[in-house]
Every structure is written in C-alpha cells, then in structure tokens.
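The structure under discussion appears below in the form of structure tokens.
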Amino acid sequence: MTGPRTPANLTMPEKPSLDGIEDRWARFWDEQGSYTFDRSSTRDQVFSIDTPPPTVSGSLHVGHVFSYTHTDCMARYKRMRGFEVFYPMGWDDNGLPTERRVQNFYGVRCDPSLAYIPDFQPPAEPDAKRQVPISRRNFIELCEQLTLEDEVVFEQLWRRLGLSIDWSQTYQTIGHNSQRVSQLAFLRNLKRGEAYQAEAPTLWDVTFRTAVAQAELEDRERPGAYHRIGFPTTADTDTKVFIETTRPELLAACVALVAHPDDARYQPLFGTTVTTPLFGVDVPVMAHALADPEKGSGIAMVCTFGDLTDVIWWRELQLQTRPIIGWDGRIIADIPDWVTEDSAKAHYTAIAGATSHTAKERVVAMLREGEHLIGEPREITHPVKFFEKGDKPLEIVTTRQWYITNGGRDAELRDALVARGSELQWHPAHMKVRYENWVEGLNGDWLISRQRFFGVPIPLWYRLDDEGNPIYSEVLIPEESLLPLDPSTDAPAGFTNDQRDQPGGFIGDPDVMDTWATSSLTPQIAGGWERDPDLWDRVAPMDVRPQAHEIIRTWLFSTVVRSHLEDDRLPFKHAAISGWILDPDRKKMSKSKGNVVTPMGLLDEYSADAVRYWAASGRPGTDTAFDVGQMKIGRRLAIKILNASKFVLGFDAGFNDSAITADLDRALLAQLAGVVQQATAAFEDFNYARALEITEAFFWNFTDDYVELVKERAYGGQGEAQAASAKATLAITLEAVLKLFAPFLPFVTEEVWSWWQDGSIHRSPWPDAHRISSLSQGADPALIGEIANALSQVRKAKSEAKVSMRAVVESATIAATDSQVARLQGAMADFKAAGSIAELSFSSGERIEVSVVLAPISV
RNA sequence: GGGCGAUUAGCUCAGUUGGUUAGAGCGCCGCCCUUACAAGGCGGAUGUCGGGGGUUCGAGUCCCUCAUCGCCCA
C-alpha cells in the first residue's frame with residue numbers, strides 16, 4: 001500500500017469510458033481474491049449471508065438481477081465496514097423443475113423399473129409426445145448434465161453483474177454435501193422423534209403421482225355444480241334427506257352425512273342412518289360444528305375423501321374409510337367390499353377404472369335415471385386445491401409418508417416457532433405478519449416424502465417379513481458416517497444386496513425428500529455443518545437471509561423449523577425481503593406472459609453499474625416496475641462519476657487535512673459528514689435504496705454547485721493557500737463519494753480508484769463521518785444550500801436573458817438575513833468567480849434574493 | 001371472509017419522530033459549444049398528496065371510514 005498517487009503517477013485515461021471496465025475489474029477481483037472469505041476471522045468479525053440458491057432449471061430474468069443486486073450492495077457495504085463477508089452461492093438443481101426440464105429438453109421420462117444403460121444417448125430430436133422411458137440412474141445422470149450447463153450460464157451472469165460472491169464457496173442442492181446434510185439432519189430429526197411416518201390421508205397430485213405438502217398448495221377458482229341428491233332414510237325409504245354435492249362421483253365413497261348440531265332441520269336424524277342411492281350403503285347421520293347450515297341444503301355428504309373437511313370429519317367422528325380413487329386419479333377397478341348388492345355392483349362397474357371426470361358424468365346419468373337427482377345441477381364457481389406446479393385438482397388418498405413436526409399438530413411447538421418469528425429482525429418489518437399468518441394457520445405436520453426420482457433419497461430401509469411384505473415399523477437406520485447413501489442401491493448394515501426385495505430381507509425406501517427438506521438446510525450446507533465445524537462456528541447462525549416474500553411460508557419457515565429443532569436457535573438474525581419486478585403495466589413478469597426481458601441484453605446495452613443502479617433503487621420489500629429509464633440514468637451517473645473524478649484528480653489533489661481553511665470547503669465537509677452518517681444509518685437498516693438516494697443527491701449538488709464554485713480558486717485564482725484548501729476538499733470528498741457509491745456501482749468506482757490508489761476500493765474502509773466532521777471545524781452546512789440558491793438565481797437571470805453562463809454580471813446584490821449574510825461573506829470570492837460577477841453587494845431581506853444587472857453584450 | 005401493503009406532478013418514485021412555500025429524476029418547454037462531462041450543462045412550467053370525516057395551533061404524515069389496486073392466508 002503506497003497511498004494515493006500524485007498527478008504525475010496517475011494512470012488516468014485521456015477520455016474516460018465505461019467500455020471494457022466490467023471485464024477488466026471482474027478479472028482483477030478474481031485474481032486478487034477480493035471477495036474470498038478469510039476463514040481466520042472470528043464470528044464477530046464475520047457477516048454471513050444465507051444466499052438464495054436460484055432454481056437453475058428456470059429461466060434467467062431481470063427479477064434475479066434485481067434481488068441479488070440488493071444482497072450484493074449489503075455485502076459490499078459490510079465488507080467496507082471491515083467485516084469478512086461470507087457470501088456463498090448455491091444452485092438449486094434439486095427436484096421437480098429439473099425433472100420436468102430434463103423431460104422436455106431430452107425427450108425422456110423416468111421409469112424406475114428399467115435397467116441402467118451405460119453410455120445412454122438421448123434422442124437426437126426430442127419428441128415431447130413420445131418420451132423415451134429410461135432408468136432412474138440414467139435419468140439422474142441427464143439431470144446432472146443439464147443442470148451443470150445451466151449453472152455455468154448463471155455464474156456468467158452473476159460475474160458480469162459484479163456480485164461479490166466468493167466463488168470458492170458454492171454448492172448444489174443435489175450435490176454430495178447437500179445430500180449428506182439433508183440425510184443427516186433427517187436422521188437427527190428421526191432420532192429425536194421429530195420425524196415420523198404415518199399412513200394418512202394425503203393431498204395427492206395424480207399427474208406427478210406424488211404427495212404434496214400444505215406449503216405447495218394453491219387455490220384456484222374452478223367451475224363446478226351442486227347436484228341435489230336424495231338419500232332415503234333406512235327406517236323409512238319413502239322419506240328422503242337431500243344433500244347437495246359438487247362431487248357426485250364420490251357417492252360410492254360416502255361414509256356419513258353431517259349437519260350442524262344446532263340445525264333444527266336435521267336434529268331428528270342424528271343417530272339414524274340413511275342409504276346411499278345407487279350403491280345401497282347405510283351411512284350414519286351425524287352432527288359436527290364445521291357443517292355450514294347456509295351451504296347447499298345444510299347437510300353434507302362425507303366421503304373418503306372429497307376435501308380436507310372430509311378428512312377432519314373422518315378423523316373426529318371416527319368414520320369408516322372407503323377409498324375409491326387410486327394413485328392414478330382413476331376409480332379403483334376392483335369392486336369394494338362395502339358394495340354388496342348386485343345392482344350396486346353393476347353401478348360401480350360402470351365407473352370402475354374411469355377418471356374422476358368421466359365417473360362424475362356416469363354417476364350423474366345413473367342418478368338421473370334412478371330419479372335420485374333432484375332438478376338440474378346448479379352451476380357455481382368455487383376454490384379448488386391444486387399443486388402449485390400441477391394442472392389437475394388434487395385428490396386425497398391414503399398413503400404412507402414421512403413427516404417432520406412443524407407445529408401444525410402441536411401448540412407448544414407452534415408457539416415456539418411464532419416466537420422465533422418475533423425474534424427474527426424483518427426488513428421490512430411488516431413481512432413478519434406473513435410468517436405468523438402461516439404458522440398459526442398450519443393444520444398438519446410437514447410432509448417431506450415425495451414419490452419422485454431426482455431428489456435426496458430418504459436414507460432408510462424396512463425389513464420384509466417371511467412373505468415378502470414390508471414391516472414399516474422395523475426401520476433400518478444407517479450410521480451417520482455412511483451418508484450420503486441411496487437405499488435403492490446401498491444395503492443396510494447386516495444385510496447384503498442379494499437380500500433386497502426377498503422374504504426375510506429388506507426393501508429400500510423408494511421416496512425422495514421434498515426439495516424444501518434440503519433448501520431448509522442452506523445455512524448448514526453452505527456453512528459446513530457437521531463437515532467443517534471450524535467454519536460452521538465462524539459463520540453460524542447467519543447474519544442475513546435475503547429472499548422473496550412469496551416463499552416466506554416455505555423456505556424461510558422451513559429453515560427456521562430445522563434450526564429450531566437442531567440447534568434451538570434462529571438460523572439467521574435478519575430476513576431481508578425483496579419485492580418483485582413488475583412490467584410497466586404493473587403485472588408480475590412471467591415467462592407465460594412473454595414479458596420477460598433477458599438480463600444479459602440489458603447489461604450489454606446499459607452496463608452492469610447502470611442495471612445495478614436501477615435494481616438498487618427498488619426499496620426493500622417493494623415491488624418495482626421494470627424501467628429502462630432508470631438504467632439510462634444509472635449509466636449517465638456512472639459516466640458523470642468518471643468525468644468528475646478526472647476533473648478532481650487533474651489537480652494536485654492530496655489528503656492535506658490541515659490545508660482546509662475556506663468556509664465554503666468546511667461547510668461542504670459538514671454536509672458530507674451528514675450524508676455519510678445518513679447513508680450509513682440507512683445501510684444498517686438494510687435500506688440500501690435510501691443510502692443510494694442520499695449519496696446521489698449529494699453528488700449531483702457537489703458537481704453542479706460546489707465544483708463550479710471552486711474551479712477558479714482551485715486553479716490558483718485566489719492564491720496558493722486558498723487553492724490548497726479547495727483541492728484537499730475535492731480529494732477528500734471525491735474519495736468519500738466513490739466509497740459511498742462503491743456498493744452500488746462497483747465497476748466505475750473501482751475504475752476511478754485504480755487511477756489514483758492501490759488495491760481495491762471494495763476492500764477499503766467505509767468513510768468515517770466523525771473524521772470528516774472534524775475537518776469541517778464546526779462549520780454550518782447551511783452555507784452550501786444558500787450559496788447554491790444564490791448561484792441558481794444568477795444562472796436564471798442569464799438563462800432568461802438568453803446569454804451564456806459565462807456572460808459577465810456587471811453588478812449583483814444579494815438580499816438575505818443577517819446570519820445568512822454572515823455565512824455568505826466567507827464564500828464571496830468563489831461566488832463572484834463562478835457567476836462572472838464584477839461587483840457584489842449585500843442588503844438585508846427575509847430570504848435570499850439576488851438581483852442581477854448584466855453587462856452589455858459586447859459584439 | 002381475515003390480514004398486510006399501496007394510492008403524492010403526464011411517468012417512475014422520495015418524503016425519517018406531525019412543523020416554513022410538498023421534493024427528485026424522467027418526459028416536456030426554453031437557453032447555453034462552458035477549458036471534467038454535448039451520450040453534456042443551465043433554467044422553467046406542472047400537484048384538490050385516492051374520496052369523506054376526525055384529532056391538533058398546525059396533517060401528505062396520526063385516528064375513523066369508504067373506494068381502487070396488489071399480495072398473503074382461509
């Protein structure tokens with residue numbers, strides 16, 4: 001470190017330009033290891049970031065650029081504050097999005113029953129309609145191949161954008177370490193009794209044939225119709241009870257009718273039975289508070305299972321289980337044992353094997369024929385539960401699944417997790433409510449098993465009895481040291497692979513974990529939990545989790561759950577929630593709308609700093625319109641920084657503190673100290689947008705007014721001492737401004753830094769408001785605004801007279817209050833020079849008003 | 001149905017705990033080749049702060065209410 005260079009040693013170009021600076025400085029940072037995490041730092045010296053791993057199989061869009069820039073601005077600020085920033089990058093390549101992309105990209109599908117084909121080549125011309133079935137191992141190999149390509153594209157974008165990531169700290173959510181951490185954490189949950197398996201009604205997507213968790217649900221409004229159906233009472237078949245249902249196809253699965261306990265219409269029926277039409281099954285009429293007297297006829301048909309309320313009734317009223325829908329979404333082919341009468345069997349046969357859609361049509365036709373259907377179906381629109389990535393309504397089927405406790409069935413745990421949410425510092429604060437709404441509304445534990453292929457396997461096996469049936473209560477658990485493992489190829493301790501699927505042997509659990517079961521462990525995966533305890537102690541718990549608001553219920557909450565269960569603490573101290581990018585019509589940008597803009601094109605057109613400028617102007621948690629106008633402004637700002645810096649550095653500008661004697665210079669430094677203090681406070685509150693705004697406003701005033709005022713003096717027009725004061729102030733201010741801009745505009749600030757100082761600006765210390773303030777010697781910053789005001793009035797007079805700004809003012813009089821005059825006196829030489837004013841006088845007035853007499857224009 | 005947020009200039013948005021005449025940029029209009037910057041600079045015009053009511057000496061800011069939009073949860 002040799003300190004600032006003198007003009008003779010400056011490496012300043014003749015004509016500063018943004019061209020080429022991105023490649024140059026990206027390479028420099030890489031070579032210097034500017035962003036490498038120094039792992040000798042202790043926890044209190046570290047600022048650790050739980051970076052969101054982007055879904056690499058998704059498309060790149062400006063939304064990525066937006067939120068990742070926010071995090072980078074914080075990271076750069078903290079680094080300049082002297083923290084060692086732990087800023088890893090993960091790639092979310094795990095799970096269903098990758099599976100779907102691989103299917104479409106290569107034209108294949110996974111069939112786990114097939115054998116592995118070494119050197120498999122996917123079809124040269126993929127045909128989505130004729131996907132080639134391949135083994136699970138082949139399928140996973142293609143997943144890994146494709147995600148690797150995707151990750152390269154993302155990394156290029158991040159580097160181009162100037163994210164100050166430590167590229168030696170990367171992970172993949174499907175990588176070896178992520179699998180190990182996921183399996184290890186799961187086994188710990190299992191050991192502590194927080195993970196359990198249960199045979200239970202589960203929301204089920206018939207397209208993907210997998211269970212779906214509460215967090216992955218969404219309601220969609222769908223057309224439906226109420227069918228009014230008469231049920232004869234068992235005691236008197238001429239008396240009928242009328243129900244209204246949107247799902248008549250489930251009539252064969254009916255287990256009860258339920259009405260509200262206070263509903264006088266049905267009270268006489270409670271405890272009696274009625275008979276299902278077509279299928280002749282006697283079912284009880286029961287009372288339950290969840291039955292809504294206002295809905296339909298006020299009495300509901302309970303089935304196995306039409307919706308989640310059916311599940312509650314089934315559980316709380318201890319009803320029969322009569323499933324008729326299979327995992328493929330079709331009516332089960334075999335006639336169930338509760339359907340006994342010949343006519344009933346015939347009715348069932350008519351729907352056996354049909355999709356629920358077809359079954360509905362057929363049941364309605366049979367009801368109509370038997371005159372059980374009263375009137376015509378009444379069409380309605382109602383919310384139906386869907387898997388967020390699916391396009392068929394979810395069914396509810398009973399399956400064996402693995403769960404992790406999350407407070408959904410345990411008030412004590414729920415309260416503890418709500419308390420964790422309050423302990424967490426939210427930015428912006430109002431986002432906490434979304435967390436609380438979610439936790440308080442949970443109605444079951446976290447279902448983590450998925451019947452998919454590309455994911456982290458559940459690391460368990462089960463004993464098979466002498467007939468080859470699995471004994472699920474006899475779970476075979478591996479040693480932690482053997483992780484990660486795949487139970488479909490690895491054998492449990494005490495067994496060999498030839499006992500697989502054999503009576504008396506074992507079977508591997510066929511399922512994989514929910515992607516959130518892995519993503520919920522990003523702090524552990526990135527931070528070296530149970531792999532590198534030294535690193536883990538230096539970075540955990542993380543300082544900040546940056547993320548978007550729509551995944552508070554999934555990613556944020558599940559991470560809190562894992563950390564709470566494993567370490568009894570929060571996984572991170574702050575949650576920085578970013579908004580969305582909206583297109584100019586204020587619609588959320590999405591690929592399906594065709595309004596997605598590719599980020600690389602923007603970076604090429606406006607420069608990385610300019611795009612970052614736009615992104616950083618989006619306040620935390622606020623949705624922001626996509627606006628190339630802001631990028632143009634950012635570009636202009638970057639160019640202005642180059643030019644203003646070139647001008648300032650053209651003087652023999654040194655950090656000569658004692659030279660600062662002029663009132664105007666001290667006033668500027670007083671103002672600058674306030675700007676540094678405010679920008680710092682804004683950053684500490686994660687409000688990077690405000691820090692940028694404050695800095696930018698100061699900078700433009702600095703160049704427009706202060707620089708214009710001191711030009712003549714800095715050139716020596718008022719003597720050596722006066723020039724030295726101006727030059728020192730210019731240098732100190734430029735350095736501070738560059739540093740204040742550095743988190744936002746890393747390229748252009750580094751470029752200027754390189755002209756006159758060594759090392760990287762991004763490793764230089766953040767400006768010190770106290771030091772700058774002390775140089776101001778208690779000057780009143782009001783002078784800056786006042787003199788700018790006066791200068792503006794002189795400019796206005798020239799503008800109105802349509803003369804050049806260099807036109808000579810014969811005489812000017814400044815009216816002002818006494819205290820203003822006292823301040824302005826000190827800067828009058830500068831003022832006269834900047835305004836080309838020959839004679840200047842003062843008069844008293846309530847506010848600053850300048851009267852100007854222009855010199856006759858000489859021809 | 002419950003909750004959260006938003007509504008300020010033609011556009012995109014600031015406006016900290018209530019306090020002079022409500023700000024910025026873009027766009028628009030006018031001027032200026034000025035030796036850091038013409039891909040620039042300077043200046044100008046533009047507002048029922050969504051509507052209504054209230055608290056207060058004083059409300060864009062606090063309270064109530066309505067409307068519209070967005071999101072989260074049922």
Side-chain angles (χ1 to χ4, degrees), chain A residues 12-19 214-215 217-219 292 308-309 383 385 426 428-443 548-554 577 579-580 582 584-588 606-607 610 613-614 617-619 621-651 678 681-682 685 687 689-690 692-694 696-698 700-701 703-705 707-708 711-712 714-715 730 734 752 788 791-807 834-836 846-847:
Chain A
M12 197 158 61
E14 267 308 301
K15 181 91 179 158
S17 159
L18 298 178
D19 294 343
Q214 189 181 352
L217 298 183
E218 63 185 35
D219 283 355
D292 182 357
L308 290 172
T309 319
K385 298 227 174 293
W426 297 80
H430 65 79
M431 288 294 175
K432 184 176 87 166
V433 176
R434 300 193 180 205
Y435 174 95
E436 287 172 348
N437 281 350
W438 176 253
V439 181
E440 284 163 1
L442 286 170
N443 54 33
H549 52 64
E550 81 274 17
I551 51 173
I552 289 173
R553 64 177 181 168
T554 47
I577 309 295
W580 281 341
L582 308 175
D585 299 330
R586 308 215 53 84
K587 302 270 170 22
K588 190 188 174 189
Y606 300 104
S607 86
Y613 171 87
W614 159 74
S617 61
R619 314 183 74 226
T622 307
D623 295 345
T624 300
F626 175 74
D627 185 5
V628 293
Q630 283 294 108
M631 297 177 198
K632 290 178 184 164
I633 298 163
R635 186 175 173 85
R636 199 177 61 135
L637 174 62
I639 292 169
K640 186 79 173 178
I641 288 171
L642 289 176
N643 285 316
S645 301
K646 177 173 176 252
F647 174 73
V648 168
L649 295 176
F651 296 108
Q678 286 177 64
D685 194 32
N687 196 345
R690 178 128 185 87
L692 173 58
E693 190 188 337
I694 291 163
E696 192 187 2
F698 174 83
W700 283 107
N701 289 331
T703 58
D704 291 351
D705 299 330
V707 169
E708 292 300 324
K711 254 181 192 173
E712 188 249 9
Y715 279 124
L730 285 168
L734 178 67
V752 172
L791 183 60
S792 167
Q793 292 187 45
V794 174
R795 285 168 172 164
K796 182 177 176 179
K798 293 181 181 179
S799 187
E800 284 172 352
K802 302 193 176 185
V803 298
S804 157
M805 288 299 135
R806 305 203 70 189
S836 306
E846 289 186 8
R847 68 180 72 91

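Any value given below was found using the heavy atoms of this structure, including those in side chains, with hydrogens, waters and symmetry copies removed. Residue numbers start from 1 in every chain, and the chains themselves are labelled A, B, ... in the order their sequence lines are given, proteins ahead of strands.
Closest to the Ser804(A) side chain, of the nucleotides C37(B), C32(B), C73(B), is C32(B). Comparing atom distances between the Lys796(A) side chain and each of C71(B), G44(B), G41(B) picks out G44(B) as nearest. Proximity note for Lys15(A) (side chain, C-beta onward) versus A36(B), G2(B), A38(B): the nearest is A38(B). Nearest nucleotide to the side chain of Arg795(A), out of G43(B), C37(B), C72(B): G43(B).
Rounded to whole Å, the P atom of U21(B) lies 23 Å from the corresponding atom of U8(B). C62(B) and G19(B) have their P atoms separated by 11 Å, with the value rounded to a whole Å. Spacing between C63(B) and G5(B) at atom P, rounded to whole Å, works out to 10 Å. Separation of the P atoms belonging to U34(B) and C29(B) is 24 Å when rounded to the nearest angstrom. Of the P atoms belonging to U61(B) and A6(B), the separation is 13 Å, rounded to the nearest Å. Comparing U65(B) with G23(B), their P atoms are spaced 32 Å from each other, to the whole Å.
Applying the 3.5 Å distance criterion, the base of G30(B) shares a donor-acceptor pair with the side chain of Ser799(A).
Whole-Å rounding puts the Met805(A) CE to C42(B) C1' distance at 4 Å. As rounded to whole Å, 15 Å separates atom C1' of C72(B) from atom OH of Tyr435(A). Rounded to an integer number of Å, the gap from Arg636(A) CZ to A24(B) C1' is 12 Å. Distance CZ (Arg635(A)) to P (C26(B)): 16 Å, rounded to an integer number of Å. Rounded to whole angstrom, the span from the CD1 atom of Ile633(A) across to the C1' atom of A14(B) amounts to 13 Å. Here C73(B) presents its C1' atom at 14 Å from NE2 of His549(A), a figure rounded to the nearest Å.
Counting only Watson-Crick and G-U wobble pairs whose two distances sit under 3.5 Å, RNA chain B takes part in these stems of three or more pairs: B:1-7 with B:67-73, B:10-13 with B:23-26, B:28-32 with B:40-44, B:50-54 with B:62-66.
For Arg553(A) and C71(B), the shortest distance from a side-chain N or O to OP1 or OP2 is not below 4.0 Å. Using a 4.0 Å cut-off, some side-chain N or O of Tyr715(A) falls inside it from OP1 or OP2 of A36(B). Dashed line: the shortest gap from a side-chain N or O of Ser792(A) to OP1 or OP2 of G43(B) is under 4.0 Å. Checking the phosphate oxygens (OP1, OP2) of G43(B), no side-chain nitrogen or oxygen of Lys802(A) falls inside 4.0 Å.
Note: Tyr715(A) and Phe647(A) have perpendicular aromatic rings, judged against thresholds of 30 and 60 degrees for the angle between ring planes.
Contact annotation for Lys385(A): no contact, since no heavy-atom pair falls under 4.0 Å across all strands. Gln793(A) comes within 4.0 angstrom of nothing in the nucleic acid, heavy atoms only.
Across the interface with RNA chain B, nearest-nucleotide mapping of Phe647(A) and Asn443(A) shows Phe647(A) to be the residue nearer the 5′ end.
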Protein-nucleotides 15-23 of chain B N/O pairs closer than 3.5 Å?
| from | atom 1 | to | atom 2 | distance (Å) |
| --- | --- | --- | --- | --- |
| G15(B) | OP1 | Arg619(A) | NH2 | 2.9 |
| U21(B) | O4 | Arg847(A) | NE | 2.7 |

Identify the pairs formed between an N or O of the protein and an N or O of nucleotides 5-10 of chain B at a distance under 3.5 Å, and give each distance.
none

